[in-house]
K.L.:
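Quick one: the structure is below, and I'll ask about it shortly.
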Amino acid sequence: AQKVTQAQTEISVVEKEDVTLDCVYETRDTTYYLFWYKQPPSGELVFLIRRNSFDEQNEISGRYSWNFQKSTSSFNFTITASQVVDSAVYFCALSGDPSGSARQLTFGSGTQLTVLP
Amino acid sequence: GAVVSQHPSWVICKSGTSVKIECRSLDFQATTMFWYRQFPKQSLMLMATSNEGSKATYEQGVEKDKFLINHASLTLSTLTVTSAHPEDSSFYICSARDQVTSGTDTQYFGPGTRLTVL
């Protein structure tokens, strides 16, 4: 069984602060994929990143960066110099299907990030 | 990225009626689409996997006779909530699996449909 844990239910920061959202996962698959999605108040899920289990390189995209550590089964997400528009619910998700079929996503419970002006 | 649309974006209906929600992949073909349900301040829970040309696969606890799924083409899947009741009120989100266009096998999500059953 797969499981994704986002222990931080809500985080509030002041604009321009850096913030890290934690994600810990459990899976028995040797090949799996990790994702981060952003869900603003409008409700639409916005894809942020996809990382496969064989690629432990950290990734940076603008103010966003991701730290994948297989040894601790974590895939943390950092926003640098946060902005009010970053306020949203962020979901970490895991997909793993050795048969290569459905690739269902297992979502964490989400972290509500509020960036205050 | 790829675009997925849902229609309607919101719907209010009376108890006992049926509601159909459409999910379309606009710029790619999706052999697999997924339907999720999200209650307020909760995570997304997978309801079913919709495969083009075959029957949907439902998650445990999801009534297949109540939530009818049809994936008639490579760009369209529909979810029909039959005999809706107030407890069916929720945010329904579909996703489409893009295995070809980006080459990275990613799910793209629709904007969601908010269903309110009176």
Side-chain angles (χ1 to χ4, degrees), chain A residues 1-11 21 23-25 29 31-55 59 61 88-114, chain B residues 1-6 8-10 23 28 30-52 54-60 62 69 71 77 90-99 101-115:
Chain A
Q2 298 181 332
K3 186 179 179 182
V4 177
T5 302
Q6 293 179 256
Q8 304 150 308
T9 307
E10 296 182 23
I11 299 177
L21 309 181
C23 173
V24 175
Y25 63 91
D29 294 335
T31 301
Y32 52 89
Y33 298 85
L34 294 161
F35 300 80
W36 275 95
Y37 288 91
K38 173 183 180 179
Q39 187 178 41
S42 63
E44 181 171 359
L45 277 165
V46 178
F47 166 78
L48 296 178
I49 190 171
R50 171 184 184 270
R51 178 52 53 97
N52 75 51
S53 54
F54 294 111
D55 183 2
E59 182 158 340
S61 175
V89 179
Y90 290 86
F91 290 99
C92 180
L94 169 68
S95 166
D97 188 338
S99 69
S101 58
R103 291 222 179 273
Q104 299 169 353
L105 280 170
T106 300
F107 283 85
S109 54
T111 297
Q112 169 71 59
L113 173 65
T114 303
Chain B
V3 179
V4 175
S5 70
Q6 273 184 249
S9 55
W10 59 271
C23 177
F28 66 99
T31 54
T32 304
M33 291 185 176
F34 301 90
W35 286 96
Y36 296 84
R37 183 174 181 176
Q38 185 181 30
F39 290 108
K41 296 190 182 296
Q42 293 189 24
S43 188
L44 283 77
M45 298 300 296
L46 179 67
M47 297 175 66
T49 302
S50 172
N51 298 301
E52 188 266 337
S54 63
K55 290 184 178 180
T57 303
Y58 291 81
E59 294 301 297
Q60 194 172 9
V62 178
I69 292 172
H71 195 152
S77 175
S90 188
F91 192 53
Y92 292 87
I93 306 175
C94 75
S95 71
R97 185 182 173 198
D98 183 1
Q99 297 170 265
T101 304
S102 63
T104 58
D105 189 3
T106 298
Q107 286 189 36
Y108 293 96
F109 285 80
T113 297
R114 192 162 303 281
L115 170 63

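Quick note on labels: first sequence line is chain A, next is B, and so on, each numbered from 1. Side-chain atoms are counted along with the backbone in the values below, which use heavy atoms only and exclude waters and symmetry mates.
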K.L.:
Answer whether the closest heavy-atom distance between the side chains of B:Glu59 and B:Met47 falls below 4.5 Å.
P.N.:
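No, every pair of side-chain atoms sits at 4.5 Å or beyond.
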K.L.:
Let me know if B:Ile93 has heavy atoms under 4.5 Å from chain A in its side chain, its backbone, both or neither.
P.N.:
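When you check distances to chain A, only side chain atoms of B:Ile93 fall under 4.5 Å.
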K.L.:
Who pairs with B:Ser5 by side-chain hydrogen bond (donor to acceptor under 3.5 Å, both in side chains), at least two apart in sequence or on another chain?
P.N.:
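In terms of side-chain hydrogen bond (donor to acceptor under 3.5 Å, both in side chains), with neighbours along the sequence ignored, B:Ser5 is linked to no residue.
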K.L.:
Chain B heavy atoms under 4.5 Å from A:Phe107: which part of the residue, side chain, backbone, both or neither?
P.N.:
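A:Phe107 touches chain B through backbone and side-chain heavy atoms alike.
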K.L.:
Does any backbone or side-chain atom of B:Gln6 lie under 4.5 Å from a heavy atom of chain A? Answer side chain, backbone, both or neither.
P.N.:
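Neither part.
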K.L.:
Hey, what do you get for SG (A:Cys92) to CD1 (A:Ile49), rounding to the nearest 0.5 Å?
P.N.:
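So the gap between those two atoms works out to 10.5 Å.
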K.L.:
Of all of A:Ala93, A:Gly108, A:Gly110, which one pairs up most often with chain B through heavy atoms under 4.5 Å apart?
P.N.:
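Looking at each of A:Ala93, A:Gly108, A:Gly110 in turn, A:Gly108 comes out on top.
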K.L.:
Which atoms form the tightest heavy-atom contact between B:Asn51 and B:Lys55, and what is the distance?
P.N.:
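Closest approach of B:Asn51 to B:Lys55, heavy atoms only: ND2-O, 4.2 Å.
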K.L.:
Looking at B:Gln38, B:Arg114, B:Lys41, which one has more heavy-atom pairs under 4.5 Å with chain A than the rest?
P.N.:
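Ranked by heavy-atom pairs under 4.5 Å with chain A, first place is B:Gln38.
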K.L.:
List the residues meeting side-chain hydrogen bond (donor to acceptor under 3.5 Å, both in side chains) with A:Gln112, not counting sequence neighbours, and say none if there are none.
P.N.:
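Here no residue qualifies.
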